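Data block below; observations after.
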2 protein chains.
Amino acid sequence: MVADQPYHHGALREALLEAGRELLAERGAHAFSLSEIARRVGVSTAAPYRHFADRDALIDTLADEGYIKFHDVLREAVAGATDPADAITRIGVGYLRFAVEHPAVFTIMFRDRQGPPSDYGPPSFQTFLEAVETAQRSGVLSDRLPAPVTSRSIWAALHGAATLDAVGGFAKLGLGAPLEELVETLLDPYWTRPRPHG
Amino acid sequence: MVADQPYHHGALREALLEAGRELLAERGAHAFSLSEIARRVGVSTAAPYRHFADRDALIDTLADEGYIKFHDVLREAVAGATDPADAITRIGVGYLRFAVEHPAVFTIMFRDRQGPPSDYGPPSFQTFLEAVETAQRSGVLSDRLPAPVTSRSIWAALHGAATLDAVGGFAKLGLGAPLEELVETLLDPYWTRPRPHG
DNA sequence: ACCTGAACACCGTTCAAGT
DNA sequence: ACCTGAACACCGTTCAAGT
């Protein structure tokens, strides 16, 4: 808190993004408001328009940040893996954990975009695809179907579980489960031979 | 169009729901507006509050309608099936087709609810669970995992594919595919033996 | 009992004017 | 170049008043 704010904020763009992150975390994607963000930063409601085309542009920027963070999660999952099958499992756990820990960011990442699609989504899928290819080559993952197709299926399973779990759908149906167990059961039919569970 | 509207609408509740359905179909979940709906019906913006607690109550009612329609889709899929494996496949196609044909309704069904959870979701999962149990008993679906767990996994895969496909995620990644083919590849790892594709 | 009219607090967005 | 102040059209919601 500075006693006397200068006329020029100096780093308004970053301040708006930071306030946006906080608002999302505190009140959810549903409560996102550009006016509220401007108020928190201590600036007029018109000020953001010097840095973002409109409300959606700010949301899309926060979504892009989410994609970058998400991509890091996937790369760290692969980096920390002990073997190709473990890499897939860790990606799965990372995917679901990201959704559970940052539900609002996850929501805006996969909402129906107003502007052009993000450039930051495909790299994540690419990382995942490479992990699937590696697992297929090592023989732990079936290669009955091409890697992109199997990747698409597992990605869909993880994404569906993440979405339904975040909304609480599984718990409502009496299907709530710890994250690791949920991932294990999702991946189970894909392995060429049964895997011991941790 | 009646030339002289009576003071009492008579069937305002249903008229509001109908206008809500149209607005969702025309402009998407994103553009939902209670004022716009009242305007379309030709009534004051305060009138809906005699029939719905608030905006969210109207949305939740439309979501419930969606669940009922969705449940019918699943039951018809099972009813029209030639065998237990075909029932699962038809459910999958019905699930994805519903999402693609009614994206706005699908969105509000699985959005983060404000009010209490819908009573109309669980019956759909129940129908699906029974189809999985039947398929497991007939031997076409692996019974390595309990029916509720396998149901959860396939449900997640279908839901994820529906969500990503509706948002256009698959197409963006060069993974776009016809609905039936997508469902086939999603279900492929679950069958106990390879199934011929139609 | 059901709906209107007017009001309130709140949005997103624009634009002339200030620094 | 960056931000303010005031305005505009639009929300959701409330409530006294009308029929």
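These numbers come from a predicted model, not from an experiment.
- At the heavy-atom level, A:R39 lies under 4.0 Å from the strands shown only through sugar-phosphate atoms.
- A donor-acceptor distance shorter than 3.5 angstrom exists from the side chain of B:S138 to the backbone of B:A135, with no hydrogens or angles considered.
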Worked check of ring-ring contact (aromatic ring centres under 6.0 Å, His included) between B:H159 and B:F106: CA-CA 10 Å; B:H159 190 77; B:F106 188 78; 5.4 Å; yes
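- One finds no salt bridge joining A:R55 and A:E36 here, because no Lys/Arg side-chain nitrogen approaches an Asp/Glu carboxylate oxygen to under 4.0 Å.
- Transitive grouping of hydrophobic side chains (ILVMFWY, heavy atoms separated by less than 4.5 Å) keeps B:L141 and B:V149 in distinct clusters.
- Between C:dC3 and B:H51, a contact under 4.0 Å exists linking OP1 or OP2 to a side-chain N or O.
- Atom CZ in A:R27 sits about 11 Å away from atom P in C:dC10, given to the nearest Å.
- A straight line from CG of B:D54 to P of C:dA9 spans 20 Å, rounded to a whole angstrom.
- To the nearest angstrom, C1' of D:dC10 lies 14 Å from CZ of A:R55.
- D:dG12 atom P lies 12 Å from atom CG of B:L16, rounded to whole Å.
- Remark: C:dC2 base-pairs with D:dG18. Criterion, Watson-Crick or G-U wobble with two distances under 3.5 Å.
- Using a cut-off of 4.0 Å between Lys/Arg side-chain N and Asp/Glu carboxylate O, B:R90 and B:D83 are scored as not salt-bridged.
- The stretch residues 31-38 of chain A touches DNA chain C through A:S33, A:L34, A:S35, each having a heavy atom under 4.0 angstrom from the strand.
- Side chain of A:Y120 to main chain of A:E65: no donor-acceptor pair is present (N/O by atom type, distance under 3.5 Å, no hydrogens or angles).
- A salt bridge between B:R40 and B:E26 is present, with a side-chain N of the basic residue lying under 4.0 Å from a carboxylate O of the acidic one.
- Cluster membership for A:I37 and A:L17, using ILVMFWY side-chain heavy atoms within less than 4.5 angstrom, is shared.
- With respect to the salt-bridge test (charged N to carboxylate O, under 4.0 angstrom), the residues B:D72 and B:K69 do not qualify.
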Using a cutoff of under 3.5 Å, can you pull out all pairs of nitrogen or oxygen atoms linking the protein to nucleotides 14-16 of chain C, with atom names and distances?
none

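- Base pairing analysis places C:dA9 opposite nothing; no Watson-Crick or G-U wobble pair with both distances below 3.5 Å involves it.
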